[in-house]
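Reading through the structure tokens given below for one structure.
Here is how names work: the chains are called A, B, and so on, in the same order as the sequence lines, proteins then strands, and each is numbered from 1.
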There are 2 protein chains.
Amino acid sequence: MNDRVRVLLADDEHLIRGALAALLALEDDLTVVAEAASGPEALAMAAAHRPDVAVLDLQMPGLDGLEVAAELRHRLPECRVMIVTGHGRPGYLKRALQVGVRGFLPKTVSASDLAGIIRTVRAGGRYVDPELAAEAISAGDSPLTPRETDVLELAADGSPVAEIAERAALSPGTVRNYLSSAAGKLGAENRHAAVRIAREHGWL
Amino acid sequence: MNDRVRVLLADDEHLIRGALAALLALEDDLTVVAEAASGPEALAMAAAHRPDVAVLDLQMPGLDGLEVAAELRHRLPECRVMIVTGHGRPGYLKRALQVGVRGFLPKTVSASDLAGIIRTVRAGGRYVDPELAAEAISAGDSPLTPRETDVLELAADGSPVAEIAERAALSPGTVRNYLSSAAGKLGAENRHAAVRIAREHGWL
DNA sequence: GGTCGGCGGTGACAAATGTCACCGGTGCCC
DNA sequence: GGGCACCGGTGACATTTGTCACCGCCGACC
């Protein structure tokens, strides 16, 4: 395999994306074949340029990195996907691995590390930042049922129960039961603290 | 002035900081004399290297960009300060200008723009991203009194009123009055929605 | 001096919320 | 078939909360 590694770079922050592209261009065996500033754009560029490795920012307009990764898995199975994140909460990592992401790292790594990881992933390997991995493991799985998670998510903006019930097409009593149960499982004093705790663990 | 512009770069994300340093190094008239990964480190490096321009990320461990900017203003008045932010909420901009920041821009600008803005700021000019400026102006000032803001901040983690009252050394009744007043001013249905709205406007 | 806004407080009341017990239905697994 | 967990719901109850009126005390401003 003497071809250069074809890389797709997706990040909504031009400054970072441009800088990254410049740095990766310094590596002899890497070529940035496409750049994107949003989720949908990343998908389009991937389809057009068929990169070997896609480096996706977690937070992007339109579709976030995980959604793009899930799509890419179906549309371009041979393309390896890596997620780069600013300040990553655990939970994202787990979801990322579930959609077939091969690399997951914070932006605190150095550029030369990034290049090395791209090569590793290209060769079929995996890389997960040790610190994020440790956090994810210690955080564990969400104790909430799917429905509890849904309702808690609807409660996230501080809406009163009546509104949540309407949006969830549930009885207000049921909503309160779910919220009470969720708050109990999370050790929160009320649903609002529960939202915060779930957010911190990446369960929301 | 044929000296090169001495730049301090502070960002907790190595990847970005390194990439930025590499890009700025390509400019003939700019020199990155120091890098920092945290607020306190930024202050130390600034004191040691006395840069002409400090480029600070808004969110950093220890002290955030605004706090560093405020300190620098006293300790190194001749050093111009610029703030770079990922996804900036309005309100930060206003506070930034109040502590004497000369440039305020999102990370969506290009590297060449950044270099140009560094030169502008170095020459005594100012630069504020037009989009952020528009948001800040339309957002306007906080309608909350200082005390209301304090109490709302204590309510931000979802604590019950009794706990807020204790932490604020206030009577529970007074706390409820402040929260009610704040929610009214912000058009929120309850204090939790009020917290969210205040956050979105950068008033918290 | 008077007015006004912010601060801190009290008391009372209505509404929202949290909590518990309990119901039926479903699907899964042993 | 019997457990068991999840879903959706009802009703009752105590607590928390939001809301309002009203109090005094400052300090600023006219």
May I ask you to evaluate whether A:Ser171 reaches the phosphate of D:dT10, defined as a side-chain N or O under 4.0 Å from OP1 or OP2?
yes
Taking only side-chain nitrogens and oxygens of A:Thr174, does any of them come within less than 4.0 Å of OP1 or OP2 of D:dG8?
no
Main-chain N/O of B:Asn177 paired to B:Ser181 side chain as donor or acceptor, under 3.5 Å:
no
Nucleotide C:dC7, atom C1' - distance to CG of B:Leu179 in whole Å
15 Å
Counting heavy atoms from C-beta on, name the nucleotide in C:dG8, C:dG18, C:dG9 closest to the side chain of B:Tyr178.
C:dG8
A:Glu189 CD - D:dT17 C1' separation (whole Å):
14 Å
Comparing A:Gly173 and B:Ser159 on DNA chain D - which has the more 5′ nearest nucleotide:
A:Gly173
OP1, OP2 of D:dT19 versus side-chain N and O of B:Arg176: anything below 4.0 Å?
no
Quickly work out the B:Ile164 CD1 to C:dG8 P distance and round it to whole Å.
15 Å
Can any side-chain N or O of B:Glu148 pair as donor or acceptor with the backbone N or O of B:Leu144 at less than 3.5 Å?
no
In Å and rounded to the nearest 0.5 Å, what is the CD1 to CG distance from A:Ile118 to A:Asp113?
11.0 Å
For A:Gly158 and B:Pro143, find the nucleotide of DNA chain C closest to each by heavy atoms; which residue's nucleotide sits nearer the 5' end?
B:Pro143
Residue pair A:Leu66 / A:Tyr92, side-chain heavy-atom distance below 4.5 Å
yes
By nearest atom, which of the nucleotides D:dC7, C:dG9, D:dT17 is closest to the A:Pro146 side chain?
D:dC7
Whole angstrom value for the distance that separates P of C:dG18 from NE2 of B:His192:
8 Å
So, B:Arg6 side chain and B:Val33 main chain: donor-acceptor pair closer than 3.5 Å or not?
no
Spacing between B:Glu166 atom CD and D:dT16 atom C1', to the nearest angstrom:
17 Å
Under 4.0 Å between a side-chain N/O of B:Thr145 and OP1 or OP2 of C:dG5, yes or no?
no
Rounding to a whole Å, what distance do you find between B:Leu152:CG and C:dC7:C1'?
17 Å
Nearest whole Å is fine: how far is C:dA15 C1' from A:Glu163 CD?
16 Å
5'-most contact on DNA chain D: A:Leu170 or A:Lys185, nearest heavy atom basis?
A:Lys185
Among D:dG8, C:dG11, C:dT17, which nucleotide sits nearest the side chain of A:Arg147?
D:dG8
Please determine, for the side chain of B:Asn177, which listed nucleotide (D:dC20, D:dT17, D:dT10) has the closest atom?
D:dC20
Checking all strands, does A:Asn190 fall into the base, sugar-phosphate, or nothing category for heavy-atom contacts under 4.0 angstrom?
sugar-phosphate
Between A:Leu144 (CG) and D:dC7 (C1'), how many Å, whole number?
15 Å
